[in-house]
Structure formats: C-alpha cells, structure tokens
2 protein chains.
Amino acid sequence: MTELGTPSRRERLVQAALRVMERDGLAATSTRAIAREAGVSSAAVQREFGGFGPLASDVVEHLVAAEGDAALWALITTENDVVAIVREALRSYLHLVQQRPGAEQTLLEVTLLGLRRADLDGLPERQYERYLEVMRELLAIVARRADIRWDVEADQLARFALALTDGVTLAWLVDRDDAAAERTLELAAETIAAHARSRQTV
Amino acid sequence: MTELGTPSRRERLVQAALRVMERDGLAATSTRAIAREAGVSSAAVQREFGGFGPLASDVVEHLVAAEGDAALWALITTENDVVAIVREALRSYLHLVQQRPGAEQTLLEVTLLGLRRADLDGLPERQYERYLEVMRELLAIVARRADIRWDVEADQLARFALALTDGVTLAWLVDRDDAAAERTLELAAETIAAHARSRQTV
DNA sequence: GTCTATAGACGGATAGAC
DNA sequence: GTCTATCCGTCTATAGAC
C-alpha cells in the first residue's frame, strides 16, 4: 500500500508521471512532460531514473499494485451466493475502470508498448503474471467464502476471467456503454459461477 | 476484398504503412518511415494523404476488413455441432493472430491511440462497431447452420464473444502461450454453445 | 545535487525547383 | 506531381555552471 508521510522525490516523480499518462496518454508522456508536471528540470528526472524505461516500470508496478488491492478489497461483501459474489467483484472492477479510465488505458498502452520496446522488456510479462496472480487469489477467496470448489483448473478459470475483464475494459473505453458492459459482466459472472461445485461432492 | 492488378499509388502506401506498423509498432510509424518503406519522398505521403491521421484510418479500414473476411471464411467447415463450429471459428481466429501478431497488435495500438488523439477521432468507434457487426453475423451463421437459436440477445452474445477474443489476443501477445489460449477459447466455445436452444422449442 | 543550456536525432509539414 | 531542402518543433541525454 501507499505509505503516508512526506513522499520521497522518487515517489513524487512517479505520481507526476502517472498523472501525465492518465491525462495525455502514454504516447504523449515524455521525460520532459513529467518534469514539467512535477515542477523539476528534465535533468532531475534523468538523474533519478536514468531513462524513460525504468520510470515507466515504476509507474506500472504502482498501478498494478493499486489495482490488485482494489480488487481484493472489493471482495468484502455480505453476499454468500457464488454468482452474487462474482458479479459484485466484476462490477466493482468495472466501477474502477469507470472512475479512472485513463489509468486503465495507460496499463493497456504500457502493455502494448512494452511488447515493442526493448528497454521495457519483461514489463508486460510481469504485469500480466501479476494480474493472473490476483485473479487466482480472488477465485480462491470466492471458493472459500461460498464453500465451493471450481470444476476447472484455477489457472484456466483465472485466464478466462482475465480475458473477459480485459475485453470488457477495452470495449468500455471505446464505447463508454455502461449498460452493455454490465450485461457482458453479468454473462461472465453466470459463466464463472456455473463452474462452482459443492465442496463435499467428490 | 483486395483488388488484383497493379495497385494504385495510394494502395502501395497503405501496404507500406501496414508493413511498418506490423514490424515496428504504431509508435515507431512515422510518415517518413512509411515513405522510406515505400521508396518515395515524405512529401509524396503528405500530398497523398494530407497527414498521418487519414493514412492511419485507411490502414485500419484495410486491416479490419481483412479480419472480417478471414473470420467469415473460417466458418466454412463440415461440422454441424454448435460447440464444434464455435470452437473451430475461435481457433481459426487464434490462428490468424498467431500468424500475424504484428497486425493484431497494431489494431489494438490504433484503438488506444485513437482514443487519445483528436485527429484519429471516431476511428476506434468505427473499428469496434465493425467487429461487433462481424460477430453478430458469425453468430447468425452458426445458428442457421446448426439449426438453433440463441437464448440471449444477439448483440449481448456478440459483445461477450468479442470481449473474450480481445482478451485472449492480448494475453497471447504477451505470453505467447498457445496451449493456454486454446484452453481459454475452449471454455469460451463451451460457454457460447451453452446458449444454444433448439429452434422448435418456444 | 540542482539547475540551464545545448548537442544530436527525429518528427510533421511546407516551399520551391524541375 | 515528384523531388530536395528546409523550417520549426519535440524528444533523450549530457555537459558544465552553481
């Protein structure tokens, strides 16, 4: 989680970078723009991070961690029915996207850019592995709370759920159709919940 | 479909742009790079398209049309079982991604950039509407061939399928895990097929 | 350590010769 | 119409003053 107290200079630069990326997009985010946003010289950014790649890495780690936290917090619900829990988790993820569309779009932009640029190598892979980790954890929590087990491998269901959330995110970023996104996630929740089996049976 | 015969100068520039985007990514695709690839001066590109935006639009229209064609062709199968038809369609889409990863990544890059840049305004929306159109058409063809109807609205199922293919594409571009992508699409096929109902019953 | 200044490369776009 | 040459902006990165 984010520490309180006076943020370090490095943290302030990461926050500034994040604001620029959310607002203007990754393509328009230069070390100069970040320096302007943070109110320091571009040389200071160079000195602190040594290049754009390491800075972007830090921003992504920050965003992915925040997203994972948000997803886990979303599971604090009073529901006990499998489909209700999953539905609520997916809806609260959509809520996050709707509240910070720029952040979600930035994560997608970084993924795609990281696949092209050698100096961001490994970043998309780490990002994606972390997403899957969070998904597997979420599914495990749901299973525990609803006292069920999943009838497919956890990793497979996690990948399925991740593909759906990524796809819905992309669609919503394009058309901003709240109702359509909710309907898709409702279908997703029903599908995932259909793979729940009572824990006692075999 | 692509016309045969000597391609026009405009078509040759679009093809050159496509090659650069696939190979180097959208972020590294400049009008100068396209001009180099096509063997003309950068002024010629300016004259032909009047800027980067219109050129990118043409490239996307071309790619999306090709993708729609490929998806529809994929439905020429001997299968009659719903889940088998859907599985085969999804697999042949994955095959397309695997054969031309740069092209699929370019489409995603254009979508995200189009959401940020005013001179590409409307491009992601048109792109996405076309995807949905193709998906609805595919679902209708499956329903006709297997002699079934869908128990949810066609648009909703199309959005669900599109979210899944987008999500799987993104995942595969990152981890290149063929087996995992196939397993996810198998789950997707089963889910979609589960919404088939016999045409006679109500 | 922090700044200003600048090097060096690349980008979009245009002017003007042919 | 097509080219070369060029304007002017932006970028990353660094040199050197303080």
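Since the structure is predicted, the reported quantities are computational estimates derived from the model, not experimental observations. By convention in this document, chain letters (A, B, ...) are assigned in the order of the sequence lines, proteins followed by strands, and residues within each chain are numbered from 1.
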For Trp172(A) and Pro101(A), work out which heavy atoms get closest and say how close.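 Closest heavy-atom pair between Trp172(A) and Pro101(A): CZ3-CB, 3.8 Å.
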Of all the heavy-atom pairs spanning Leu164(A) and Ala188(A), show the shortest one and how long it is.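 The pair with the smallest heavy-atom distance is CD1-CB, 3.6 Å.
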N/O-N/O pairs, protein side and nucleotides 15-18 of chain C side, under 3.5 Å:
none

Residues in salt bridge (Lys or Arg N to Asp or Glu O under 4.0 Å) with [X], at least two apart?
X         : answer
Arg130(A) : Glu133(A)
Asp24(A)  : none
Asp151(A) : Arg197(A)
Glu109(A) : Arg116(B)

Check residues 26-34 of chain A and write down every donor-acceptor pair under 3.5 Å in which the side-chain atom is one partner and the other belongs to a residue at least two apart or another chain.
unit_1: Thr29(A); atom_1: OG1; unit_2: Gly25(A); atom_2: O; d: 2.8
unit_1: Ser30(A); atom_1: OG; unit_2: Ala33(A); atom_2: N; d: 3.1

Identify, between Gly39(A) and Ser42(B), the residue whose nearest nucleotide on DNA chain C lies closer to the 5' end.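 Nearest-nucleotide comparison on DNA chain C picks Gly39(A).
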In residues 44-55 of chain B, what residues come within less than 4.0 Å of DNA chain D, judged by heavy atoms?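 The stretch gives Ala44(B), Arg47(B) as the residues lying under 4.0 Å from the strand, ordered by number.
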Residues of residues 25-34 of chain B with any non-hydrogen atom less than 4.0 angstrom from an atom of DNA chain D: list those, numerically ordered, please.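 Only Arg32(B) qualify.
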Rounded distance (Å) that lies between atom [atom2] of [N] and atom [atom1] of [X]:
X         : N       : atom1 : atom2 : result
Arg36(B)  : dC3(D)  : CZ    : P     : 15 Å
Asp119(A) : dC11(D) : CG    : C1'   : 14 Å
Arg10(A)  : dT2(C)  : CZ    : C1'   : 17 Å

Only distances under 3.5 Å count here; give the side-chain donor-acceptor pairs of residues 118-125 of chain B to other protein atoms, sequence neighbours excluded, each with its distance to 0.1 Å.
unit_1: Asp119(B); atom_1: OD1; unit_2: Arg117(B); atom_2: NE; d: 3.0
unit_1: Asp119(B); atom_1: OD1; unit_2: Arg117(B); atom_2: NH2; d: 3.4
unit_1: Asp119(B); atom_1: OD2; unit_2: Arg117(B); atom_2: NH2; d: 2.7
unit_1: Glu125(B); atom_1: OE1; unit_2: Gly122(B); atom_2: N; d: 3.4

With sequence neighbours left out, what residues match Gln156(B) under side-chain hydrogen bond (donor to acceptor under 3.5 Å, both in side chains)?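 Testing Gln156(B) for side-chain hydrogen bond (donor to acceptor under 3.5 Å, both in side chains), a comparison that skips the adjacent residues, returns none.
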Which salt bridge (charged side-chain N to carboxylate O under 4.0 Å, His left out) pairs, counting each pair once, include a residue from residues 41-57 of chain A, with sequence neighbours left out?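 Matches after skipping sequence neighbours: Arg9(A)-Glu48(A), Arg10(A)-Glu48(A).
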Does dG1(D) have its OP1 or OP2 closer than 4.0 Å to a side-chain nitrogen or oxygen of Arg9(B)?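 Checking Arg9(B) against dG1(D): no side-chain N or O falls below 4.0 Å of OP1 or OP2.
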Donor-acceptor pairs under 3.5 angstrom involving side-chain atoms of residues 179-187 of chain A: please list them, not counting sequence neighbours.
unit_1: Thr184(A); atom_1: OG1; unit_2: Ala180(A); atom_2: O; d: 3.0
unit_1: Glu186(A); atom_1: OE1; unit_2: Arg87(A); atom_2: NE; d: 2.6
unit_1: Glu186(A); atom_1: OE2; unit_2: Arg87(A); atom_2: NH2; d: 3.3

